J.: 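Have a look at this one.
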Amino acid sequence: MASNRRRLAVVAGGAGLALVLAACGGGGDDDTSDGGGDSGGGTAEDIDCAAYDEFGDLEGTSVSIYTSIVEPEQTQQEMSYDAFEECTGVTVDYEGSREFEAQLLVRIQAGNTPDIAYMPQPGLLNTIVSDYPDEVVEAPEATVANVDEFFSEDWKEYGSVDGTFYAAPLGANAKSFVWYNPAAFADAGYEIPETWDELLELSETIATEQEVLPWCVGFESGDATGWPGTDWIEDVVLRTAGPEVYDQWYKHEIPFNDPQIVDAFDEAGQILKNPDYVNAGLGGVDSIATTAWDQAGTGVLDGTCWMYRMANFYATQWPEGTEVGSDGDVYAFYLPGDGESQPMLGGGEFVLAFDDRPEVQAFQTYLASADWANQKAIATPDGGWISANNGLDVNNLATEFDQDAAAILADEETVFRFDGSDLMPGEVGAGTFWTGMVNWVTGSSTQEVTDQIENSWP
């Protein structure tokens, strides 16, 4: 069956969202409306199933996936598996959950593991491999070969524990962005800030001149509540203390409550704990803890706030019909630093297997290939997804925003650092750091929070 040639319709229609990164050298026509590359709006592509012969006859088998990736991205994920399912006969059973981090550990302890889990935190990966070594499976040789070919050594290292490789990279994201309303900025005469100090000055100007507060913020995310706050702190550590201190921090070569980290918390607090700046249209500072991250930014669109700091994937969260672009309803600028260096906070998912059946290994290998990366790009016609896979044709990415974000990740001038909380031990990065951010915006002092997190370090 796998040797037969089949025709698989891959619809990449719909207007691509053109978003040029103003502060990062992005370019392109703001009116771009095609899907990019060979995917063309509404076209069908021939899928040569000979490319799947390496996996053998897997007709009638299934693979279960457990992940934190939920709608609307879930539909795009499932579409990207169509070619694999069509050509191999494997059925992929997808389960997305907003309580993934907590529930995965419960399922492991109960002996109810999925075949594959998409791990969004290398630190949690390390915890699971260390605490449940008999439950996890090392990546097969074919997967290793794909990772060696298509990813940098750093990305392979993120999926390794004590020198053993378990989990191949999947998607990537770039987090250092601020969403805003271009028309509102233009009407008020505001310019995009190019330094952190200019960002603070802009915040003060808006707070003084406008009836609407400058920032909207949301930390709520079910069992993962608090993670957007850790992104804020990590971005500021990169900008105030620098990448070397950042590395020492997440590796615990300096304590979590090191004075440089305390200073970064307080610097972020000039925005996040300032009642004159937040939480626009949502309540006081403490409302940050209960405002859902995926809804918090809508104030930029309806005029109840001016700015929302969130990653590139927020492009998928705007209401249907929202025009994203420099002349559109919403747009994003690079979260500035010192005006000279270009630090970029990012993250991604990693494919960890709990079973070594042939169909599981085949799917794990496919997800580490350039074939899958390009299928995923084609299956995401509205944008909001990128990958560090160097076999990805950036022309298949739907928008100028995605293309530029991917280019930033590949730019040698970019000082890229993986999400620090994701690299920390799971009980810290996906535990006390998350809860600490909630405590911080609801009244606890910086010193209390950083001391508590430091004392929790295993």
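We number each residue from 1, following the sequence as shown. This one's a predicted model, so the numbers in the text were calculated from it and none came from an experiment.
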J.: Whether Asp338 and Arg239 form a salt bridge (side-chain N of Lys/Arg under 4.0 Å from carboxylate O of Asp/Glu) is what I want to check.
T.: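 No.
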
J.: Are the aromatic rings of Tyr314 and Phe177 close, with centres under 6.0 Å apart?
T.: no

J.: Would the Phe418 and Tyr158 ring centres measure less than 6.0 Å apart?
T.: yes

J.: Can you tell me if CG on Asn112 sees more than 12 non-hydrogen neighbours from other groups inside 6.0 Å?
T.: yes

J.: Does the distance from a Lys or Arg side-chain N to an Asp or Glu carboxylate O, for Arg98 and Asp294, drop under 4.0 Å?
T.: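 Answer for the salt bridge query: yes.
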
J.: Between Phe219 and Trp227, is the ring centroid distance below 6.0 Å?
T.: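 Ring centroids of Phe219 and Trp227 are no less than 6.0 Å from each other.
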
J.: Are Lys175 and Asp419 ion-paired here, with the side-chain N under 4.0 Å from a carboxylate O?
T.: yes

J.: I'd like to know if Glu95 pairs up with Arg107 as an ion pair, taking the criterion as any Lys NZ or Arg NE/NH1/NH2 lying under 4.0 Å from an Asp or Glu carboxylate oxygen.
T.: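 Looking at Glu95 and Arg107, the cut-off is met.
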
J.: Should the ring pair Tyr66 and Phe100 be called parallel, tilted or perpendicular, given that the plane angle runs from 0 to 90° and is split at 30 and 60?
T.: tilted

J.: Aromatic ring centroids of Phe363 and Tyr81 under 6.0 Å?
T.: yes

J.: Can the ring centres of Trp179 and Trp215 be said to be less than 6.0 Å apart?
T.: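 Judged by ring-centre distance (under 6.0 Å), Trp179 and Trp215 do not meet the cut-off.
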
J.: May I ask you to check whether Phe55 and Phe84 place their ring centres under 6.0 Å from each other?
T.: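 Yes, the ring centres sit under 6.0 Å apart.
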
J.: CD of Glu141: more than 12 outside heavy atoms within 6.0 angstrom?
T.: no

J.: Are the aromatic rings of Phe350 and Tyr118 close, with centres under 6.0 Å apart?
T.: no

J.: Which atom pair, heavy atoms only, marks the closest approach of Gly429 to Phe433?
T.: O-CB, 4.2 Å

J.: Does the side chain of Trp372 come under 3.5 Å of the side chain of Ser80 through a donor N or O and an acceptor N or O?
T.: yes

